[in-house]
A.B. asks: 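I am attaching a structure below and will ask some questions about it afterwards.
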Amino acid sequence: MNPPVALTIAGSDSGGGAGIQADLKTFAALRVFGTSAITALTAQNTVGVRGVHATPTEFVVAQIAAVLDDLPVAAVKTGMLATAATVRAVADLAAQGRLPHLVVDPVMVSSSGDRLLEPAAETAYRDRLFPHAALVTPNLREAEALLGVTIRSRADQHDAARALGDLGAAAAVVKGGHPAGDPDGAAVDVVWDGKETYELRAPWVDTPNNHGTGCSFASAIAAHLAQGDDLRTALTGAKAFVTRTVTGGAAWRLGAGHGPLDHFGWTTAR
């Protein structure tokens, strides 16, 4: 029996912790065949991003078309799209119905604080791509930039998730991580499913090794959707997967900055 197929449209992380590399690791760990279209090359490690070289939009589209024309893609995840032109091109493909179960992770800023998106692309996300998304998955900073609001509390997260849904996406999740003042020591993401908001909760893991958590979360959702899971099951499974990967790599010392995750359970398998 053939494995389900998922496609990631994202940038390459030369340090291996995030981007295309994290997406393909996640797909493989969840037993999904991964395909990719690379939107940009980054010179990057755990400390920061030293340079970005965007792929010409026409070649991004050529990569996507080559995959879609030959392989039965069941779900698609977007990460770093880099330029407004590429965001618009991906939106056009989505509008044509060519990107099933589209999970949009609007990557704008890396975990080290480096900007990964042209400012003009934020408008293209809101106006062109979000209306075709099955789910959008911004973190707190990205949600603030997209909505022009400040998020400082759990209630703010709930409001932001609903507001993102108002932009046209079928569902939205605002990744919370560990908001300031959180009283219960939990990592909480807030989901708007089109009807109501609810929370995804897991224990907070105190570690600097969180590079690629957002990429891995969105890719895990896409992997579950490719396997035929409904959205709530996909979100619950993805939250559990990321918690395992962060926990597994919590004590690693790979690099001097934000280290990577244990996608394959290497720590627990020993």
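The structure presented is a predicted model; accordingly, all values stated were derived computationally and were not measured.
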A.B. asks: Answer with yes or no whether the hydrophobic clustering places Leu102 together with Val67; edges join I, L, V, M, F, W, Y residues whose side-chain heavy atoms lie under 4.5 Å apart.
C.D. replies: yes
A.B. asks: Quick check: closest heavy atoms across Ala124 and Ala84, and the distance to 0.1 Å?
C.D. replies: CB-O, 4.3 Å
A.B. asks: Hydrophobic cluster membership, with links at side-chain heavy-atom distances under 4.5 Å among I/L/V/M/F/W/Y: are Val90 and Ile20 in one?
C.D. replies: no
A.B. asks: Using atom types as modelled and distance alone, determine if a side-chain donor or acceptor of Thr42 lies under 3.5 Å from a backbone N or O of Val52.
C.D. replies: no
A.B. asks: Report yes or no: does Thr197 contribute a side-chain atom to a donor-acceptor pair with the main-chain N or O of Trp192 at less than 3.5 Å?
C.D. replies: no
A.B. asks: Just by modelled atom types, is the Asp13 backbone N or O under 3.5 Å from a matching donor or acceptor in the Gln44 side chain?
C.D. replies: no
A.B. asks: Got a donor-acceptor contact below 3.5 angstrom from the Lys25 side chain to the Gly16 backbone?
C.D. replies: yes
A.B. asks: Side chains of Ser12 and Gln21: do they bring a donor and an acceptor to under 3.5 Å?
C.D. replies: yes
A.B. asks: Indicate whether the side chain of Trp252 and that of Thr267 have a donor and an acceptor atom separated by less than 3.5 Å.
C.D. replies: yes
A.B. asks: Within a reach of under 6.0 Å around CZ of Phe33, are more than 12 heavy atoms found that belong to other residues, nucleotides or ligands?
C.D. replies: no
A.B. asks: Within a 6.0 Å radius of atom CG on Asp69, are there more than 12 heavy atoms belonging to other residues, nucleotides or ligands?
C.D. replies: yes
A.B. asks: Determine, stepwise, if the pair Leu235 / Leu135 fulfils side-chain contact (heavy atoms from CB on, under 4.5 Å).
C.D. replies: CA-CA 10 Å; Leu235 284 161; Leu135 178 71; 3.9 Å; yes
A.B. asks: Any chance you could lay out the side-chain contact (heavy atoms from CB on, under 4.5 Å) test for Thr247 and Arg244, step after step, and finish with the verdict?
C.D. replies: CA-CA 5 Å; Thr247 301; Arg244 290 196 304 272; 5.8 Å; no
A.B. asks: Mind checking whether Val149 and Phe130 sit in one hydrophobic cluster, side chains of I, L, V, M, F, W, Y counted as touching below 4.5 Å?
C.D. replies: yes
A.B. asks: Counting only N and O atoms by type, is there a donor-acceptor contact under 3.5 Å from the side chain of Thr39 to the main-chain atoms of Gly11?
C.D. replies: yes
A.B. asks: Between His263 and Ser216, is the side chain to side chain donor-acceptor pair (under 3.5 Å) condition met? List the steps.
C.D. replies: CA-CA 9 Å; His263 288 89; Ser216 300; 2.8 Å; yes
A.B. asks: So how far is it from Asp229 CG to Thr236 OG1, rounded to the nearest 0.5 Å?
C.D. replies: 9.5 Å
A.B. asks: What's the shortest heavy-atom distance between Val107 and Glu142, and which atoms?
C.D. replies: CA-OE2, 3.5 Å
A.B. asks: Kindly give the heavy-atom pair with the smallest separation between Pro4 and Val32, and that separation in Å.
C.D. replies: O-CG1, 3.4 Å
A.B. asks: Within the side chain of Asp230, is there an N or O that forms a donor-acceptor pair under 3.5 Å with the backbone of Arg232?
C.D. replies: yes
A.B. asks: Verify side chain to side chain donor-acceptor pair (under 3.5 Å) between Ser153 and Asp156, making sure each step is shown before the conclusion.
C.D. replies: CA-CA 5 Å; Ser153 68; Asp156 291 341; 3.3 Å; yes
A.B. asks: Using the rule that Ile, Leu, Val, Met, Phe, Trp and Tyr join whenever any side-chain heavy atoms are under 4.5 Å apart, tell me whether Val136 and Leu81 fall into a single cluster.
C.D. replies: yes
A.B. asks: Quick check: closest heavy atoms across Ala82 and Ala54, and the distance to 0.1 Å?
C.D. replies: CB-CB, 4.4 Å
A.B. asks: Among Gln157, Arg201, Lys175, Lys239, exactly one meets side-chain hydrogen bond (donor to acceptor under 3.5 Å, both in side chains) together with Asp189. Which residue is that?
C.D. replies: Lys239
A.B. asks: From His101 NE2 over to Leu231 CG, what is the distance, rounded to the nearest 0.5 angstrom?
C.D. replies: 9.0 Å
A.B. asks: Show the numbers, then the answer: is there a side-chain contact (heavy atoms from CB on, under 4.5 Å) between Phe217 and Thr213?
C.D. replies: CA-CA 6 Å; Phe217 179 63; Thr213 50; over 6 Å; no
A.B. asks: At what distance, to the nearest 0.5 angstrom, does CD of Glu122 lie from CG of Leu147?
C.D. replies: 10.5 Å
A.B. asks: Can you see which heavy atom on Tyr125 is nearest to which on Val104, and at what distance?
C.D. replies: CE2-CG1, 3.7 Å
A.B. asks: Evaluate the criterion side-chain contact (heavy atoms from CB on, under 4.5 Å) for residue pair Thr35 and Val5; output intermediate values, then yes/no.
C.D. replies: CA-CA 7 Å; Thr35 62; Val5 178; 3.9 Å; yes
A.B. asks: Show your reasoning for whether side chain to side chain donor-acceptor pair (under 3.5 Å) applies to Ser36 and Thr8.
C.D. replies: CA-CA 5 Å; Ser36 62; Thr8 170; over 6 Å; no
A.B. asks: What I'd like to find out is whether the side chain of His132 reaches to under 4.5 Å of the side chain of Leu99, using heavy atoms alone.
C.D. replies: no
A.B. asks: Any non-hydrogen side-chain atom of Val76 less than 4.5 Å from a side-chain atom of Pro100?
C.D. replies: yes
A.B. asks: Do Pro138 and Glu144 have side chains that approach each other closer than 4.5 Å (heavy atoms only, starting at C-beta)?
C.D. replies: no
A.B. asks: Are the side chain of His258 and the backbone of Asn209 linked by a donor-acceptor contact shorter than 3.5 Å?
C.D. replies: no
A.B. asks: Using modelled atom types and a 3.5 Å cut-off, is there a donor and acceptor pairing between side-chain atoms of Thr137 and backbone atoms of Val173?
C.D. replies: no
A.B. asks: Compare every heavy atom of Asp159 with every heavy atom of Arg162, then report the nearest pair and how far apart it is.
C.D. replies: NH2-OD1, 2.6 Å
A.B. asks: Under 4.5 Å between side-chain heavy atoms, counting indirect links through other Ile/Leu/Val/Met/Phe/Trp/Tyr residues: same cluster for Phe59 and Leu93 or not?
C.D. replies: no
A.B. asks: Output the distance between atom CH2 (Trp204) and atom OG1 (Thr243), rounded to the nearest 0.5 Å.
C.D. replies: 11.0 Å
A.B. asks: Enter the distance from Arg152:CZ to Leu140:CG here, rounded to the nearest 0.5 Å.
C.D. replies: 8.5 Å
A.B. asks: Could you tell me the separation between the OG1 atom of Thr26 and the NE2 atom of His224, rounded to the nearest 0.5 Å?
C.D. replies: 10.0 Å
A.B. asks: Hey, does the side chain of Thr55 reach the backbone of Ile38 with a donor-acceptor pair shorter than 3.5 angstrom?
C.D. replies: yes
A.B. asks: Hey, is Arg98 close enough to Asp92 for a salt bridge, meaning N to O under 4.0 Å?
C.D. replies: no
A.B. asks: If we ignore hydrogens and angles and just use 3.5 Å, is the side chain of Thr86 paired with the main-chain N or O of Thr83 as donor and acceptor?
C.D. replies: no
